[in-house]
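Proteins come first, then strands; the chains are lettered A, B, ... in the order of their sequence lines, and each starts at number 1. All heavy atoms count here, side chains included; hydrogens, waters and symmetry mates do not.
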There are 2 protein chains.
Amino acid sequence: MALKKKPVTGMRDILPGEMQVREYVMNQIRETYRGFGFTQIETPCVEHIENLTSKQGGDNEKLIFKILKRGEKLSLESAKEEKDLVDGGLRYDLTLPLARYYSNNSAQLPSPFKALQMGSVWRADRPQKGRFRQFTQCDIDILGDASSMAEIELILATTTVLGKICPENGFTVRINDREILKGMALYCRFDESSLDQVFITLDKMDKIGMEGVEAELLEAGHARDSVAQYTKLLAEVGHDADGVRKLGTVLEKVLPLSVTENLAHIMQTVANVAETEFSLYFDPTLVRGMSYYTGTIFEVSMEGFGGSVAGGGRYDKMIGKFTGKDAPACGFSIGFERIITILMDQGGKVPGATERKAYLVEKGVDSTRFAQIMRQAMEERKKGAQVLVSQMNKNKKFQKEQLEKEGYTEFVEFYREGLKE
Amino acid sequence: MALKKKPVTGMRDILPGEMQVREYVMNQIRETYRGFGFTQIETPCVEHIENLTSKQGGDNEKLIFKILKRGEKLSLESAKEEKDLVDGGLRYDLTLPLARYYSNNSAQLPSPFKALQMGSVWRADRPQKGRFRQFTQCDIDILGDASSMAEIELILATTTVLGKICPENGFTVRINDREILKGMALYCRFDESSLDQVFITLDKMDKIGMEGVEAELLEAGHARDSVAQYTKLLAEVGHDADGVRKLGTVLEKVLPLSVTENLAHIMQTVANVAETEFSLYFDPTLVRGMSYYTGTIFEVSMEGFGGSVAGGGRYDKMIGKFTGKDAPACGFSIGFERIITILMDQGGKVPGATERKAYLVEKGVDSTRFAQIMRQAMEERKKGAQVLVSQMNKNKKFQKEQLEKEGYTEFVEFYREGLKE
């Protein structure tokens, strides 16, 4: 019986053309982030099932690829539930493994620790266009820094790299703080126990607009006064640092001024320092899905492309789940696969790619001549050229066409009698 | 209950120091192989369980991390055997997935196709020192080239990269051909059905020496004459291209001369062309474990380090398992983790690493001053420097010591009043 040629459901083979773009982007990311003092680390792709299912992953916990116990630990007969069969799973993000990594290795790491991770994650999502079950994530995180320096560095680093990778695409950074989100709702006297529900509705602003949000809140039974005050507050708030400070004075009774002052400071410093052009604004409707965020949250969108191309925030309570003692943490994740899709849609050209040369060698060239050809190739390679040495196929025209698709621009043909160009 | 801080059994967290060495080696590999016309590709980490258990993986098939079926496909109650629960597994090497990839995508790939893969593989081995359940493999393969040009290019590329990564360590390439291996045994009239057993014994030469091999063959019941003739032949054979040609004339009745001529040609061309220094010799006792090899096989060892640092060979029958039609294939794999261990043992220094600078900023620096500091950092980064901006810790001495371990050589301290160095 023939073996299966297609990749497993929802995963894919990456062809050379796309791989070149991916490598280019990864190099840009690595170099830029290194300049900001981030150091690359790696965690295993397999995590303890206990960690993966500890409610740090939200809905992703429903999408874990679970790994069968091995050897003596696997007893199929006595297994009653799934957990009798499983002790590990493939990581669904890089944040939870990072929190474990930091908890395990912090004695050997500087403080604060600036980590860069690029790696595959897996989610058993229903396969659909542009959504795969294995994909690359690219995260930077600053651990052990409670100050807003972390947010400022993360935003500067991420916007710098986005400006390098997609120099043609304008982008926008929206920023909020989970405390402000909560303060605004409390100020409007929403019931504290219903806040999560309020934010789930608010998060739909993109899709259903302010009127839709208002209608959904009323339908859910929230007080008419609260909803009216909330929509008014959202409509009137300013989106720059001054707007944030003014909002702070409005919310003073339910929220310490330091929270809005902190966000205004982040916004002002970033605007003052950034060398890449982008718009930065306070978005009081920004929620971000994950429940682990505790403070600042941010999201980047790119002109002409729906959805976000990067996002992140502060999550000061996750490391404590491992160590019993909370440690400040803040991260920014680039939507690597989205960026690749955008670049591939724009033609998938990689700036500064070396020219490629192909030596096509006729079959039957004698040993001495062949050694000469190979030496010539080695010389060119030493000087930095990319030289493919290949047998000349019977259908030379087709062979060249295929190689041209791979970016080969120069062909040198070697025949039995000698060089013929 | 606190979450688990340690990585899963047999896998490990990679710390920044080692990660720097890994990235350096990967870059050397990528750049060098690109010069030889190899293009990077990627396959999913998860493979069909049918492919993984198709006897292309030898003993590795016993070590598969198996993945539980998802959703409706998983029915725990009616499951009778493991295969009712499992439909995928983590790849244990990069060769089988490459054969699947080539079978699936060959219409979009040039011919011959020169592939470079770097990626994680998983084996549920018994954990032991220096042996991990997740590790990186680094393979180059040439698909669609039946000629010895493939072997020559693979050996030249691999030795070039090894010479760059480990310039201080001399190394040796041993080469053989599965057909010659077979021819020698048949010439000595070993029973054709017992050849695999003969080679398993021969493969122990490193450990038990010629006498040990002789004793084990006799003990296994092979004819005394055969064993005597075999040990004599092995002892007398020459190890250069001439030796291979002479062996060819001896084996003429059981082996076509073209096989030994082919090997001699590979050896001569490599010796003529290579720019890296290494010894290359014909080793008639080289077996290599995997059953999929069909022709040339090779292995590289490094002075002062037991075991091999690279190995590979020709496997012309694997792609046919997917497509029904055989296609020539030849590959060379670098023992990536072994190379990293060697480099870490030698101090883990990375040539040409950029100097790192740390800005330590006292708490409470005002916004204007802070923006100035950040602008200065951005300026330096733009010029290619690596600049970490960090809050100054209370224990500044310890903070600096930690940063020095990470390679920071220059410190600039910023205080509330102004700059103090």
Side-chain angles (χ1 to χ4, degrees), chain A residues 2-8 11 13-16 19 23 34-35 37 39-44 46 48 50-51 54 65-68 70 88 100-101 103-105 108 110 112 124 134 145 147 149 153 265 269 272-273 275 321-322 324 367 371 374-375 378 381 386 388-391 402-403 406, chain B residues 2-8 11 13-16 19 23 34-35 37 39-44 46 48 50-51 54 65-68 70 88 100-101 103-105 108 110 112 124 134 145 147 149 153 265 269 272-273 275 321-322 324 367 371 374-375 378 381 386 388-391 402-403 406:
Chain A
L3 297 179
K4 293 189 172 180
K5 281 159 63 172
K6 299 269 166 220
V8 295
M11 301 193 192
D13 291 333
I14 298 173
L15 290 171
M19 198 66 197
E23 280 301 315
R34 202 176 288 150
T39 47
Q40 210 169 334
I41 62 151
E42 214 176 276
T43 70
V46 181
H48 300 284
E50 295 88 339
N51 292 355
S54 63
F65 280 105
K66 291 169 186 164
I67 294 174
L68 214 59
R70 297 277 322 157
R100 185 196 55 66
Y101 177 99
S103 309
N104 190 33
N105 301 298
Q108 294 161 262
Q134 173 179 326
D145 188 349
S147 83
M149 203 182 286
E153 281 282 77
H265 170 68
T269 310
N272 258 325
V273 174
E275 297 183 336
K321 298 276 195 313
F322 289 90
S367 280
M374 295 301 279
R375 267 199 300 273
M378 292 296 276
R381 286 163 178 168
Q386 285 185 38
L388 178 90
V389 183
S390 175
Q391 277 219 332
Q402 290 289 91
L403 287 168
E406 298 290 305
Chain B
L3 298 179
K4 294 190 173 179
K5 281 159 64 173
K6 299 269 164 220
V8 295
M11 302 192 191
D13 290 333
I14 298 174
L15 290 170
M19 199 66 196
E23 280 301 315
R34 201 177 287 148
T39 46
Q40 210 170 333
I41 63 150
E42 215 175 275
T43 70
V46 182
H48 300 284
E50 295 88 338
N51 292 355
S54 63
F65 280 105
K66 291 169 185 163
I67 294 173
L68 215 59
R70 298 275 324 156
R100 186 196 54 65
Y101 177 99
S103 309
N104 189 33
N105 300 298
Q108 296 168 70
Q134 173 178 328
D145 188 349
S147 83
M149 201 182 286
E153 282 281 77
H265 170 68
T269 310
N272 258 324
V273 174
E275 296 182 336
K321 298 276 195 314
F322 290 90
S367 281
M374 295 301 280
R375 267 200 299 274
M378 291 298 275
R381 287 163 177 167
Q386 285 185 38
L388 178 88
V389 182
S390 176
Q391 276 219 333
Q402 290 291 90
L403 287 168
E406 297 291 305

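Both the backbone and the side chain of His48(B) have a heavy atom closer than 4.5 Å to some heavy atom of chain A. Contacts between Arg34(B) and chain A at a heavy-atom distance below 4.5 Å involve backbone atoms as well as side-chain atoms. Looking at Arg70(A), the atoms closer than 4.5 Å to chain B (heavy atoms on both sides) all sit in the side chain, from C-beta outward. Only the side chain of Gln134(B) comes within less than 4.5 Å of a heavy atom in chain A; its backbone stays farther off.
In this structure, the side chains of Leu3(A) and Arg100(B) stay at 4.5 Å or more apart for every pair of heavy atoms. Under the 4.5 Å side-chain criterion, counting only non-hydrogen atoms from C-beta, Ser390(A) is not in contact with Asp145(B).
Among Asp13(A), Ile41(A), Val8(A), Thr39(A), the residue with the largest count of heavy-atom pairs under 4.5 Å with chain B is Asp13(A). The choice from Ile14(A), Thr43(A), Leu388(A) that makes the most heavy-atom pairs within less than 4.5 Å of chain B is Ile14(A). Comparing Glu406(B), Glu23(B), His265(B), Gln108(B) by how many heavy-atom pairs each has under 4.5 Å with chain A, the most go to Glu23(B). For the set Arg381(A), Gln402(A), Gln40(A), Met19(A), the count of heavy-atom pairs under 4.5 angstrom toward chain B peaks at Arg381(A).
Put simply, the side chain of Asn51(B) gets close to the backbone of Lys4(A): a donor and an acceptor are under 3.5 Å apart.
Met374(A) and Thr269(B) get closest at one heavy-atom pair: CG-CG2, 4.4 Å. Shown here for Tyr101(A) and Pro16(B), the closest heavy-atom pair between the two residues is OH-CD, 3.6 Å. The minimum heavy-atom distance between Val273(B) and Ala371(A), with the atom names listed, is CG2-O, 3.5 Å. Taking every heavy atom of both residues into account, Asn104(B) and Lys5(A) meet most closely at CB-O, 3.1 Å.
Interatomic distance, CG of Leu15(A) versus CD of Glu42(B), reported as 11.5 Å (0.5 Å rounding).
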